[in-house]
Amino acid sequence: MDVAYSADGCGAAAVVYDLVKSEVVEEVVKTYPMIPAPYVPGFLFLREGPPLLDVVSSVRNRFDVLLVDGHGRAHPRRCGSATILGFVAGLPSIGVAKSLLVGSLQPSERYDRIVHDGEVVGLRRGPAYYSQGFGVSFNDVVRVSEVFGESYPEALRRADRLSRKALKKDG
DNA sequence: GCGACAG
DNA sequence: ATCTTGTCGC
């Protein structure tokens, strides 16, 4: 899932992806004529939460886990947008960010650990930073990240393109 | 007080 | 995130 913005509104997209067949199962995208809350580090959910919750409610197919653009546990208060989205929607979630919000990297075997205040709050693998959202264990995050290896999750790349394209056409 | 800061 | 021309590389 991802959100794109324009001066007068925003667009959210959800892409259901089959990792076994490596193919898109469903794509949902919606635009909203609303001005999102301003971006404040540590409070991303206030900005992207509303549109994401709406678009995820429109997904028809069943899925195992939600991949949210942003952090989960790798957050100042261990509660990023991925964590809240999963909790509110009542769905398992994992945060997948493109840069660090808090913590530092500690080299490990197959990935780098994200350490903050003395605890492992996530991991970096390839170009992405993964951390627990809601309803998943750290090992779940490790296993999911291994699926993507050194590349960025295709479903998220699609969601990014979709939400952006929807803004141009519609709003 | 100063710097850092997901999207 | 978004604003933007040319430019590097396959």
Side-chain angles (χ1 to χ4, degrees), chain A residues 1-15 28-56 65-89 91-106 111-136 138 140-142 144-145 148 150-171:
Chain A
M1 317 197 63
D2 194 19
V3 186
Y5 307 89
S6 66
D8 54 295
C10 60
V15 175
V28 179
V29 59
K30 299 181 66 178
T31 57
Y32 311 86
M34 61 162 278
I35 314 300
Y39 166 68
V40 179
F43 297 88
L44 183 60
F45 184 75
L46 294 181
R47 183 174 172 74
E48 310 204 326
L52 287 180
L53 283 171
D54 180 70
V55 76
V56 75
V65 64
L66 223 44
L67 296 185
V68 186
D69 201 9
H71 286 106
R73 190 172 183 213
H75 176 276
R77 298 173 294 285
R78 306 285 178 272
C79 195
S81 59
T83 310
I84 301 180
L85 181 64
F87 176 73
V88 176
L91 298 167
S93 65
I94 288 179
V96 183
K98 308 178 201 60
S99 63
L100 228 42
L101 172 60
V102 295
S104 55
L105 299 179
Q106 170 190 294
Y111 54 80
D112 287 351
R113 295 191 174 91
I114 299 176
V115 182
H116 183 235
D117 288 341
E119 52 182 314
V120 178
V121 297
L123 66 89
R124 180 200 71 73
R125 179 111 192 194
Y129 296 84
Y130 303 85
S131 64
Q132 298 169 64
F134 177 73
V136 301
F138 181 76
D140 287 334
V141 176
V142 172
V144 168
S145 72
F148 304 119
E150 302 302 292
S151 50
Y152 190 73
E154 182 60 22
L156 285 174
R157 196 170 310 191
R158 285 232 175 203
D160 181 78
R161 288 205 305 87
L162 254 186
S163 60
R164 200 172 312 191
K165 187 205 304 177
L167 275 186
K168 292 184 179 179
K169 299 181 63 177
D170 189 74

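Since the model is a prediction, treat every value here as computed from it, not as a measurement. Every chain is numbered from 1 and lettered A, B, ... according to where its sequence line falls, protein lines coming before strand lines.
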Worksheet item: Which dot-bracket string fits DNA chain C when only Watson-Crick or G-U wobble pairs with both atom distances under 3.5 Å count, crossing pairs get [ ], and | stands for a partner on a different strand?
Response: ..........
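The shortest distance between side-chain heavy atoms of V56(A) and L91(A) falls below 4.5 Å. Contact check for V121(A) versus S131(A): no side-chain heavy atoms found under the 4.5 Å cut-off.
D69(A) and K98(A) are joined by a salt bridge, as a carboxylate oxygen and a charged side-chain nitrogen come within less than 4.0 angstrom of each other.
Between the side chain of R157(A) and the main chain of Y152(A), a donor-acceptor pair closer than 3.5 Å is present. Under the 3.5 Å distance criterion, the side-chain polar atoms of S163(A) are left unmatched by any main-chain donor or acceptor of A13(A).
Under the ring pair (Phe, Tyr, Trp, His ring centres under 6.0 Å) criterion, F134(A) pairs with F87(A), not counting sequence neighbours.
Nucleic acid contact class of S81(A) (heavy atoms, under 4.0 Å, all strands): base. Counting non-hydrogen atoms under 4.0 angstrom, Y5(A) reaches the backbone sugars and phosphates but no base. Among the heavy atoms of the strands, none lies under 4.0 Å from G95(A). Using a 4.0 Å heavy-atom criterion, one finds that A7(A) contacts no nucleic acid atom at all. Across all strands, F43(A) comes closer than 4.0 Å to base atoms (heavy-atom distances).
We find that CG of D8(A) is positioned 18 Å from P of dA1(C), with the value rounded to whole Å. Counting to the nearest Å, the P atom of dT4(C) and the NZ atom of K168(A) are 12 Å from each other. The distance from atom CG of D69(A) to atom P of dT2(C) is 10 Å, rounded to the nearest whole Å.
Interatomic distance, CG of L167(A) versus OH of Y5(A), reported as 10.0 Å (0.5 Å rounding). Note that CG of L67(A) is 5.5 Å distant from CG of L156(A), once rounded to the nearest 0.5 Å.
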Discussion item. Checking L85(A) against L53(A) for the side chain to side chain contact (heavy atoms under 4.5 Å, CB included) test, could you report, in this order, the C-alpha distance in whole Å, the side-chain angles of both residues, the deciding distance, and whether it holds?
Written reply: CA-CA 7 Å; L85(A) 181 64; L53(A) 283 171; 3.3 Å; yes
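First and last contacting nucleotides of DNA chain B toward chain A (any atom under 4.0 angstrom from a heavy atom, 5' to 3' order): dC5(B) to dG7(B).
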